[in-house]
K.L.:
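This is the structure I have questions about; it appears just below.
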Amino acid sequence: MSEIDNNDRPMTPEEQKVYQARQKQRAVIMGGLLFFLVILFYFITIVKIDASIS
């Protein structure tokens, strides 16, 4: 577990800012990955449809 989970005290405002910045960074990365997968599946679908028509 992380250091934050092992402490029984509440987070300081500085720790909260660092924690939220990491959360935001992870959210942006996951959003980018999701967007990439959507585009990838779209192009795969277009190629498969085009191959079945020809």
Side-chain angles (χ1 to χ4, degrees):
M1 296 225 119
S2 71
E3 229 178 77
I4 296 172
D5 293 336
N6 292 334
N7 296 332
D8 289 333
R9 62 180 175 78
M11 285 192 277
T12 64
E14 292 146 5
E15 289 174 332
Q16 255 183 337
K17 286 182 183 178
V18 170
Y19 184 75
Q20 287 174 343
R22 279 193 221 136
Q23 275 185 324
K24 185 176 180 178
Q25 184 181 15
R26 279 193 301 262
V28 168
I29 290 171
M30 292 302 290
L33 280 171
L34 180 61
F35 180 73
F36 173 75
L37 283 173
V38 166
I39 298 301
L40 180 66
F41 290 154
Y42 176 77
F43 283 120
I44 289 172
T45 303
I46 295 299
V47 167
K48 283 187 167 200
I49 289 173
D50 190 42
S52 68
I53 292 174
S54 299

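Both backbone and side-chain heavy atoms feed into the values below; hydrogens, waters and symmetry mates do not.
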K.L.:
Going only through I, L, V, M, F, W and Y residues with side-chain contacts under 4.5 Å, is there a path from I46 to F35?
P.N.:
yes
K.L.:
What pairs with I29 under side chain to side chain contact (heavy atoms under 4.5 Å, CB included), at least two apart in sequence or on another chain?
P.N.:
Q25, L33
K.L.:
Once you round to the nearest 0.5 Å, how far does CG of L40 lie from OG1 of T45?
P.N.:
9.0 Å
K.L.:
Side chains of K48 and I44, heavy atoms from C-beta outward: is any pair under 4.5 Å?
P.N.:
yes
K.L.:
Within this structure, what is the NZ-NZ distance for the pair K17 and K24, rounded to the nearest 0.5 Å?
P.N.:
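If we round to the nearest 0.5 Å, K17:NZ and K24:NZ are 13.5 Å apart.
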K.L.:
Are there over 12 heavy-atom neighbours, none belonging to E14, within less than 6.0 Å of that residue's CD?
P.N.:
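Check fails, neighbour count at 12 or below.
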